[in-house]
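Reminder, nothing fancy here: chain letters follow the sequence lines and each chain counts from 1.
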Amino acid sequence: MHDIKLIREAPEAFDMALARRGLAALSAELLALDAKRRAAQAARDEAQARRNALSRQVGEAKKKGESADALMAEVAQLKDRMAALESEEQESSRALDAKLAVIPNLPADDVPDGRDETQNRELRKVGAPRPQADVPGGAKEHFDLGEGLGLMDFDAAAKLSGARFVVLKGGLARLERALSAFMLDLHTQSHGYTEVYPPTLVRDEAMYGTGQLPKFADDLFRTTTGFWLIPTAEVPLTNLAAGQILDEAALPLRFTAYTPCFRSEAGAAGKDTRGMLRQHQFGKVELVSITAAEASDEEQQRMTQCAEEVLKQLGLAYRVVALCTGDMGFGARRTYDIEVWLPGQGRYREISSCSTCGEFQARRMNARYRPKDGKGTRFVHTLNGSGVATGRALIAVLETYQNGDGSVTVPEVLRPYMNGLARIEPAPRKAGKS
RNA sequence: GGAGAGGUGCCGGAGCGGUCGAUCGGGCUGGUCUCGAAAACCAGUGGACCCUCACGGGUCCCGUGAGUUCGAAUCUCACCCUCUCCGCCA
């Protein structure tokens, strides 16, 4: 949500920033609504003040035993006018909010301009990508490996739930659990995050606060009782700060959680249909930071490094890219994606996305802090990042650590979480199962 | 799901329908006292919006939304949430 006051002060700057995102200028329209709103409010305030004064006089008159009929008559006259003014104010204020609610955040100055992902800027490459030819017969993709192991079953999932779900079994189910436990331990023990077990069903307000609503309802699942299934733990974690006024001394807040994430991906039909790269349900360890305004840029660097550390310790090759203006999400002011190397696909694929939203979300959810010195309150800055998506981490581990015989070596750091297991071997074939 | 109770400021806790944004206590901040601290005492201590260069002024906010009334934190209704007991249950 944007601050209409800032737009009022610098409409050209606002429109120019929108243009960087490929959007048409909106300030003129917004400011017209704003002017209407303020005029309505001024008129209403005035009428209200008049009524308050009259009512006070009525009280005084009655106390003295005098007649208050004339005063009451004037209030009665005011009433119609007030009702009209009030609905006018509400209407213009609602109209303005509705417009503002669907305008994405503005990019930070250092965000590269660009139309789509092809214009993202690569910041660094870490680790040596394993060539496809490194595996005898060519590196396989994760679904061939998983099905070959007999531990990844898309047919069974389709029977239960349809397309874009997976059933993991045995060593692969364990691997998902190991990855999540490893990541949570790393972030809580080495990176200062507080582990959270949040609800995965939330109400409208929470989805509005982080920006999924009102614009992206189509990408979400909703229960018949009106709850939304979270598409990321960013929603519950960030909304922990909603409605709060925090002491600056308490900042930053750093939360991490492992949760399932649910996305209907309505617009993504036909993309990545094979395998478990793009699912309606996937696991993810999320990182969320709530900071003071000046601290958010540095926090974003720190958060990205926390996510990178996961991949480093897993021994996965990756690169970090700065998303261009056209590829950033709705609430983001600046985003760094981490893309992990998938030997089977022979390309880098997104596994983490670390964004700062500035005060964009805080304004929506009314999350503020009291600055150490100086008075008043300011909106906090919110940041979120994957640290990292476990489903995709599992894919990367399979493809990176595959052996020519179809088995998969377990990365060192995960072995304590796998009961010491060093290698995931094909499950014995059971008779009767095709 | 059934039956009750309740939602007020950072916290606790008051509040005959009429200067109540709200008594009081605690906390916090500043000051006095002290070598220093504690105690004591004094003072201060909400948010949002609008008008104004400013000084200052106005409106709204006592869970949320409607309503009654000249006037609502105080009355009515609906909803949300919390707590207690019972039932059910992982």
ask   = Whole Å only: how far is the CD atom of A/Q41 from the C1' atom of B/rU59?
value = 7 Å

task = Can you tell me the pairing partner of B/rG21 across any strand shown, Watson-Crick or G-U wobble, with both distances under 3.5 angstrom?
result = none

key: d(CG, A/D45; P, B/rG58) in whole Å   = 11 Å

remark   = Per nearest nucleotide of RNA chain B, the residue lying toward the 5' end, A/A53 or A/E60, is A/E60

query = When rounded to the nearest Å, what value does the distance between C1' atoms of B/rA54 and B/rA37 take?
reply = 44 Å

task = Quickly work out the A/N366 CG to B/rC61 C1' distance and round it to whole Å.
result = 12 Å

ask   = From the list B/rC70, B/rC10, B/rA48, which nucleotide is the closest neighbour of the side chain of A/M72?
value = B/rC70

request  = Pick the C1' atom in B/rC77 and in B/rA72, then give their distance to the nearest Å.
outcome  = 15 Å

task = Quote, to the nearest angstrom, the C1' distance that separates B/rG7 from B/rC62.
result = 10 Å

ask   = In terms of side-chain geometry, is the basic nitrogen of A/D219 or A/R263 positioned less than 4.0 Å from the acidic oxygen of its partner?
value = no

Span that lies between the P atom of B/rG4 and that of B/rA90, in whole angstrom = 28 Å

task = Could you tell me whether A/N52 contacts a base, only the sugar-phosphate backbone, or nothing, with contacts defined as non-hydrogen atoms closer than 4.0 Å?
result = sugar-phosphate

message = Between P on B/rC60 and CZ on A/R50, what's the gap in Å once rounded to a whole number?
response = 15 Å

key: Candidate nucleotides B/rG47, B/rC50, B/rC70, ranked by approach to the side chain of A/R368 - the nearest   = B/rG47

inquiry  = Under 4.0 Å between a side-chain nitrogen and a carboxylate oxygen: does that hold for A/D3 and A/R8?
reply    = no

ask   = Once you round it to whole Å, what is the distance between P of B/rU52 and CZ of A/R38?
value = 8 Å

remark   = Using Watson-Crick geometry (N1-N3 plus N6-O4 or O6-N4) or G-U wobble (N1-O2, O6-N3), each under 3.5 Å, B/rA72 is paired with none

query = If you measure from the C1' atom in B/rC60 to the same atom in B/rA22, how many Å do you get, rounded?
reply = 15 Å

note = Atom NZ of A/K36 and atom C1' of B/rC49 are separated, to the nearest Å, by 19 Å

ask   = Whom does B/rA78 pair with, Watson-Crick or G-U wobble, provided both distances fall under 3.5 Å?
value = B/rU64

ask   = Side chains of A/S289 and A/E299: is there a donor and an acceptor less than 3.5 Å apart?
value = yes

key: Base-pairing assignment for B/rC16 (Watson-Crick or G-U wobble, both under 3.5 Å)   = none

key: Side-chain N or O of A/T377 closer than 4.0 Å to phosphate OP1/OP2 of B/rA48   = yes

message = Go nucleotide by nucleotide along RNA chain B from the 5' end; which of A/I4 and A/I245 gets its closest nucleotide reached first?
response = A/I245

request  = Output the single nucleotide from B/rC49, B/rC60, B/rC70 whose closest atom is nearest the side chain of A/R44.
outcome  = B/rC60

Output field: ring centroids A/F282/A/F262 closer than 6.0 Å = no

ask   = Rounding to the closest angstrom, what is the interatomic distance between B/rG9 and B/rC61 at atom P?
value = 15 Å

task = May I ask you to say what A/R8 touches in the nucleic acid, namely base, sugar-phosphate or nothing, with a heavy-atom cut-off under 4.0 Å?
result = sugar-phosphate

inquiry  = Working note: A/R423 + A/V410, criterion side-chain contact (heavy atoms from CB on, under 4.5 Å); need CA distance, chi angles, decisive distance, verdict.
reply    = CA-CA 5 Å; A/R423 226 172 145 93; A/V410 175; 5.7 Å; no

ask   = Between A/F143 and A/F154, does the ring centroid distance fall short of 6.0 Å?
value = no

ask   = With a non-hydrogen cut-off below 4.0 angstrom, is A/R56 in contact with a base, only sugar-phosphate, or nothing?
value = nothing

task = May I ask you to say what A/Q48 touches in the nucleic acid, namely base, sugar-phosphate or nothing, with a heavy-atom cut-off under 4.0 Å?
result = sugar-phosphate

query = Just how far, in rounded Å, is P of B/rU59 from CG of A/L54?
reply = 12 Å

ask   = Under a 3.5 Å cut-off for both distances, is B/rG30 Watson-Crick or wobble paired, and to whom?
value = B/rC42

task = Could you check which of B/rC50, B/rU59, B/rG46 has an atom nearest any side-chain atom of A/A49?
result = B/rU59

inquiry  = What's the gap between B/rC10 and B/rG21 when it is taken at their C1' atoms, as a whole Å value?
reply    = 16 Å

request  = When you get a sec, tell me which of B/rG18, B/rC10, B/rA72 is the closest nucleotide to the side chain of A/V58?
outcome  = B/rG18

request  = Please check if any side-chain donor atom of A/N384 sits under 3.5 Å from a side-chain acceptor atom of A/S355, or the reverse.
outcome  = no

ask   = So what's B/rU84 paired with, Watson-Crick or G-U wobble, going by both distances under 3.5 Å?
value = B/rA3

ask   = Can you tell me how far C1' of B/rG46 sits from OH of A/Y369, to the nearest Å?
value = 18 Å

Shortest side-chain distance from A/K62, nucleotide among B/rC50, B/rG47, B/rG18 = B/rG18

Candidates B/rA48, B/rC49, B/rA66 - which lies nearest the side chain of A/Q90 = B/rA66

message = Using the P atom as the point on both nucleotides, what is the distance between B/rC55 and B/rG17, in whole Å?
response = 40 Å

message = What I want to check is whether the side chains of A/Y258 and A/E176 have a donor and an acceptor closer together than 3.5 Å.
response = yes

key: Any A/R203 side-chain nitrogen or oxygen under 4.0 Å from OP1 or OP2 of B/rC81   = yes

Nucleotide nearest A/K79 (side chain, heavy atoms from C-beta), chosen from B/rA66, B/rC70, B/rC51 = B/rC70

